[in-house]
Amino acid sequence: MEKIKIGNKIYTRTKLNNKILKTYALRLPEEENNWYLEAHNFAIRLTEKFDVTIEQAIGVISVLSPRMQWNANKKQAILLIVSGNCKSMNVPKEKARKILCETDEKRILEIIKGPKTTNFYLNIRYPARSDRVTVDRHAIAITLGRTATDAELSLSLNQYQFIEKCYIMVANRLNLAPLHLQSITWQTWKRIK
């Protein structure tokens, strides 16, 4: 499949790939860091400070992450771990509570469930070897070249996988890990938009 409909428009893989490349070309040296390693290290600090495993810490971070800025995500994860409550929608909050009762990574991934939050978990958990792409609102916006509408943010699994494949193709072309390309373009996009 070389074309996909997102919102009311049809996009070719080439067009989406070029938008990713355009954002990547605008990166600054400090945006080439391994952001997922930094997020992994934050999760390690949670395990050192609180009675949680690395899988639980990252699971909580992941399920609370949709449409939440990173600093707010970290604060809400800490709040939920400490108090069992946070300022999040009910479904993610309930998933986070369930995750805190699990120690098995496979079971935690079953609770997380969605492709975005699952990939976010895997990228933070395995920042040196994950081949997944977190297709969040920023990744969608990058491929569209503009802020996505609410309708465009509600991706079907086919749309999600199409965009993920675009990032993988561009990452391979640039000789980067897909999660690294996504984190570089995410940091760049936040700065330029």
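Values below: all heavy atoms of this structure, side chains included; hydrogens, waters and symmetry mates excluded.
A distance-only check finds no donor-acceptor pair linking the side chain of Glu31 to the backbone of Thr185 [under 3.5 Å]. No side-chain donor-acceptor contact under 3.5 Å links Arg191 to the backbone of Thr188. Side chain of His180 to main chain of Glu32: a donor-acceptor pair is present (N/O by atom type, distance under 3.5 Å, no hydrogens or angles). In terms of modelled atom types and a separation under 3.5 Å, the side chain of Arg137 and the main chain of Ala148 share no donor-acceptor contact.
For the atom pair OG1 (Thr23) and CH2 (Trp189), the distance works out to 5.5 Å, reported to the nearest 0.5 Å. Distance check: Ile142 CD1 to Asp136 CG gives 7.5 Å after rounding to the nearest 0.5 Å. Distance check, rounded to the nearest 0.5 Å: CD of Gln182 to CG of Leu176 gives 12.0 Å. Once rounded to the nearest 0.5 Å, the distance linking CG of Asn41 with CD of Glu48 reads 9.0 Å. Taken from CG in Asn18 to CZ in Arg13, the straight-line distance is 12.5 Å, to the nearest 0.5 Å. To the nearest 0.5 Å, atoms CZ (Arg125) and OG (Ser62) are separated by 11.5 Å.
One finds a salt bridge joining Arg107 and Glu110 here, because a Lys/Arg side-chain nitrogen approaches an Asp/Glu carboxylate oxygen to under 4.0 Å.
Side-chain contact between Ile61 and Asn73 is present, with heavy atoms from C-beta onward closer than 4.5 Å. Using a 4.5 Å heavy-atom cutoff, the side chains of Ile6 and Ile163 are in contact. Ile124 has its side chain out of reach of Thr134: every pair of non-hydrogen atoms, C-beta onward, lies at least 4.5 Å apart. Under the 4.5 Å side-chain criterion, counting only non-hydrogen atoms from C-beta, Pro115 is not in contact with Gln161. Using a 4.5 Å heavy-atom threshold, the side chains of Lys116 and Val135 count as separate.
Taking both residues in full, the closest heavy atoms of Gln187 and Glu30 are given as OE1-O, 4.2 Å, listed atom of the first, atom of the second, then distance. Minimum heavy-atom separation, Lys19 to Thr143: CG-O, 3.2 Å. Nearest heavy atom pair, residue Ala171 against residue Leu181, reads N-CD2, 3.5 Å. Minimum heavy-atom separation, Val60 to Leu80: CG1-CD2, 4.1 Å. Residue Ser88 comes nearest to Lys93 through the heavy atom pair O-CE, 3.4 Å, listed as atom of the first residue, atom of the second, then distance. Residue Phe42 comes nearest to Ile78 through the heavy atom pair CZ-CD1, 4.1 Å, listed as atom of the first residue, atom of the second, then distance.
Note on Ile140: it clusters hydrophobically with Ile184, by side-chain heavy-atom contacts below 4.5 Å among ILVMFWY residues. Residues Leu122 and Ile44 share a hydrophobic cluster, clusters being chains of Ile/Leu/Val/Met/Phe/Trp/Tyr side chains in contact below 4.5 Å. Follow the hydrophobic side-chain contacts under 4.5 Å out from Val82 and you reach Ile54 in the same cluster. Leu21 and Leu16 fall within the same hydrophobic cluster, defined by Ile, Leu, Val, Met, Phe, Trp and Tyr side-chain heavy atoms under 4.5 Å apart, directly or through other members. In this structure, Val133 is not a member of the same hydrophobic cluster as Trp70, with clusters built from ILVMFWY side-chain heavy atoms closer than 4.5 Å.
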Margin query: Let's go through Leu179 and Tyr126 carefully: what are the C-alpha distance in whole Å and the side-chain angles of both, what is the deciding distance for side-chain contact (heavy atoms from CB on, under 4.5 Å) to 0.1 Å, and is it a yes or a no?
Written below: CA-CA 10 Å; Leu179 80 158; Tyr126 305 105; over 6 Å; no
Check: Does the side-chain contact (heavy atoms from CB on, under 4.5 Å) test come out yes or no for Ile108 and Ile58, once each step is laid out?
Finding: CA-CA 10 Å; Ile108 289 171; Ile58 296 171; over 6 Å; no
Notebook entry, point to check: Are Gln159 and Tyr11 close enough, and set up right, to give a side-chain hydrogen bond (donor to acceptor under 3.5 Å, both in side chains), and what steps lead you there?
Noted result: CA-CA 11 Å; Gln159 291 167 323; Tyr11 294 92; over 6 Å; no
Notebook entry, point to check: Going through the distances and angles, do Tyr121 and Thr117 end up as a side-chain contact (heavy atoms from CB on, under 4.5 Å)?
Noted result: CA-CA 6 Å; Tyr121 173 93; Thr117 48; over 6 Å; no
Checklist line | From CA spacing to verdict: side-chain contact (heavy atoms from CB on, under 4.5 Å), Arg67, Leu153 | finding: CA-CA 10 Å; Arg67 299 191 186 192; Leu153 292 175; 3.4 Å; yes
Next item on the list: Please assess Arg146 against Glu152 for the test salt bridge (charged side-chain N to carboxylate O under 4.0 Å, His left out), listing each intermediate value before the final yes or no.
Entry: CA-CA 11 Å; Arg146 59 173 171 72; Glu152 293 166 335; 2.7 Å; yes
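In this pair, Tyr36 and Phe120 present their aromatic rings perpendicular. The plane angle is above 60°, beyond the 30 to 60° band.
Shown here is Arg173, whose CZ atom has no more than 12 heavy atoms of other residues, nucleotides or ligands within 6.0 Å. Other residues, nucleotides and ligands contribute at most 12 non-hydrogen atoms within 6.0 Å of the CG atom of Asn8.
Using modelled atom types and a 3.5 Å distance limit, the side chains of Ser130 and Asn123 yield a donor-acceptor pair.
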